[in-house]
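Worksheet: one structure, shown below.
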Amino acid sequence: INGTWNLPASEAISNTAVRRIANGWTLSGIATLQSGFPFSPQLGYNPSGNGDSRNPIRPQLNPDFHGTLYPRTPSEWFNPNAFLAPASGTVGNVSRDSMIGPGLADVDLSLAKTTKIGERLRAQFRTEYFNILNHSNFTTPNPVVFSTGPTPAKPSTDAEISPTAGVLTATSTTSRQLQFALKLLF
């Protein structure tokens, strides 16, 4: 969503200097709102032994899981206990792109003042605010649920959950930033 509003000019001001300061203002804004991107929970190893690294194997759904799947915190976007490691030589039953990452909300504003200097020359001073609400927008969480898998001596319930499973490690936008600009229009 974006918009521009040319603030109303006031010709009723008799003082020329005050009229030059009061007129020529423009306010603009851009709001970006997006739902999260889908992603697939993955394994950090290949239990099937097929060697396909382009399409990582996904875990098994945990039928005994009854908690909250999406705690939605930076240290745990999704609960890795909702999954089990598939048995050696098999693939998991979690469907591709079955999870949703964090959404994005960003608001940028701009305030500009254009002043006529001569017949063909104008000066424009701009103040631009990026992510004015200083909202943290995160990238997709780490999708690797299990870093190592079961072995014949170690059943799937004893597989090690990755310590970074579901962790949000980066932001997709910057923090609030302010920028000033001055340009001549002729």
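Everything numeric in this text was worked out from a predicted model, so none of it was measured.
- Judged by distance alone, with hydrogens and angles left aside, the side-chain atoms of K113 form no donor-acceptor pair with the main-chain N or O of T127 at under 3.5 Å.
- Residues T32 and D106 have side chains that never bring a donor and an acceptor to within less than 3.5 angstrom of each other.
- Between the side chain of S40 and the backbone N or O of D97, at least one donor-acceptor pair lies under 3.5 Å.
- Side chain of R120 to backbone of F186: no donor-acceptor contact under 3.5 angstrom is found.
- Linking Ile, Leu, Val, Met, Phe, Trp and Tyr whenever their side-chain heavy atoms come within less than 4.5 Å puts W77 and F138 in one cluster.
- The CD1 atom of I132 lies 7.0 Å from the CZ atom of R176; values are rounded to the nearest 0.5 Å.
- N137 contributes atom CG, which lies 4.0 Å from atom CG of L104 (distance to the nearest 0.5 angstrom).
- For R126 and S110, the side-chain atoms include at least one donor-acceptor pair closer than 3.5 Å.
- A heavy-atom distance below 4.5 Å is not found between the side chains of N93 and P86.
- A distance-only check finds no donor-acceptor pair linking the side chain of R58 to the backbone of G92 [under 3.5 Å].
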**Asked** For R19 and N15, what are the C-alpha separation, side-chain angles and deciding distance, and is it a side-chain contact (heavy atoms from CB on, under 4.5 Å)?
**Response** CA-CA 6 Å; R19 187 170 56 239; N15 185 317; over 6 Å; no
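- The hydrophobic clustering, which links ILVMFWY residues whose side-chain heavy atoms are closer than 4.5 Å, places Y129 and F180 together.
- Inter-residue side-chain proximity for F130 and Q179 is flagged as met; some heavy-atom pair is nearer than 4.5 Å.
- Atoms OG and CG, on S98 and L69 in that order, are 8.5 Å from each other to the nearest 0.5 Å.
- Side-chain atoms of N2 do not come within 3.5 Å of backbone N or O of G29 as any donor-acceptor pair.
- Nearest heavy-atom pair across A165 and F78 is C-CZ, 4.3 Å.
- Between L121 and L184 the shortest side-chain heavy-atom distance falls below 4.5 Å.
- In this structure, CZ on R96 lies 10.0 Å from CD on Q42, to the nearest 0.5 angstrom.
- Without hydrogens or angle criteria, N62 side chain to N81 main chain gives a donor-acceptor distance under 3.5 Å.
- Under a hydrophobic clustering in which Ile, Leu, Val, Met, Phe, Trp and Tyr are joined whenever their side-chain heavy atoms come within less than 4.5 Å, directly or via other members, F39 and L168 fall into the same cluster.
- Counted within 6.0 Å of CD1 on I1, heavy atoms from surrounding residues, nucleotides or ligands total 12 or fewer; the atom is thus considered open.
- I30 and L33 sit in two unconnected hydrophobic clusters of ILVMFWY residues. Membership requires side-chain heavy atoms under 4.5 Å apart, directly or through other members.
- L185 is not connected to L182 by any chain of hydrophobic side-chain contacts under 4.5 Å among Ile, Leu, Val, Met, Phe, Trp and Tyr, and they are in different clusters.
- Taking both residues in full, the closest heavy atoms of S162 and N142 are given as OG-ND2, 4.4 Å, listed atom of the first, atom of the second, then distance.
- The main-chain N or O of I100 is found under 3.5 Å from a side-chain atom of Y70 such that the two form a donor-acceptor pair.
- In this structure the side chain of P143 never reaches within 4.5 angstrom of the side chain of P41, judged on heavy atoms.
- Defined by atom type and a distance below 3.5 Å, a donor-acceptor pair is present between the side-chain atoms of N6 and T26.
- Counting heavy atoms of neighbouring residues, nucleotides and ligands inside a 6.0 Å radius, atom CZ of R122 does not exceed 12 of them.
- Judged purely by distance below 3.5 Å, without hydrogens or angles, the side chains of E160 and S147 never pair a donor atom with an acceptor atom.
- Side-chain atoms of D64 and H66 include no donor-acceptor pair closer than 3.5 Å.
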**Request:** Take F125 and T115 through the test side-chain contact (heavy atoms from CB on, under 4.5 Å) and record every step on the way to the result.
**Result:** CA-CA 9 Å; F125 178 74; T115 304; over 6 Å; no
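- With hydrogens and angles disregarded, no donor-acceptor distance shorter than 3.5 Å links the side chain of S35 to the backbone of G103.
- A distance of 8.0 Å separates CD of Q34 from OG of S172, quoted to the nearest 0.5 Å.
- A distance of 6.5 Å separates CD in Q60 from OG1 in T90, rounded to the nearest 0.5 Å.
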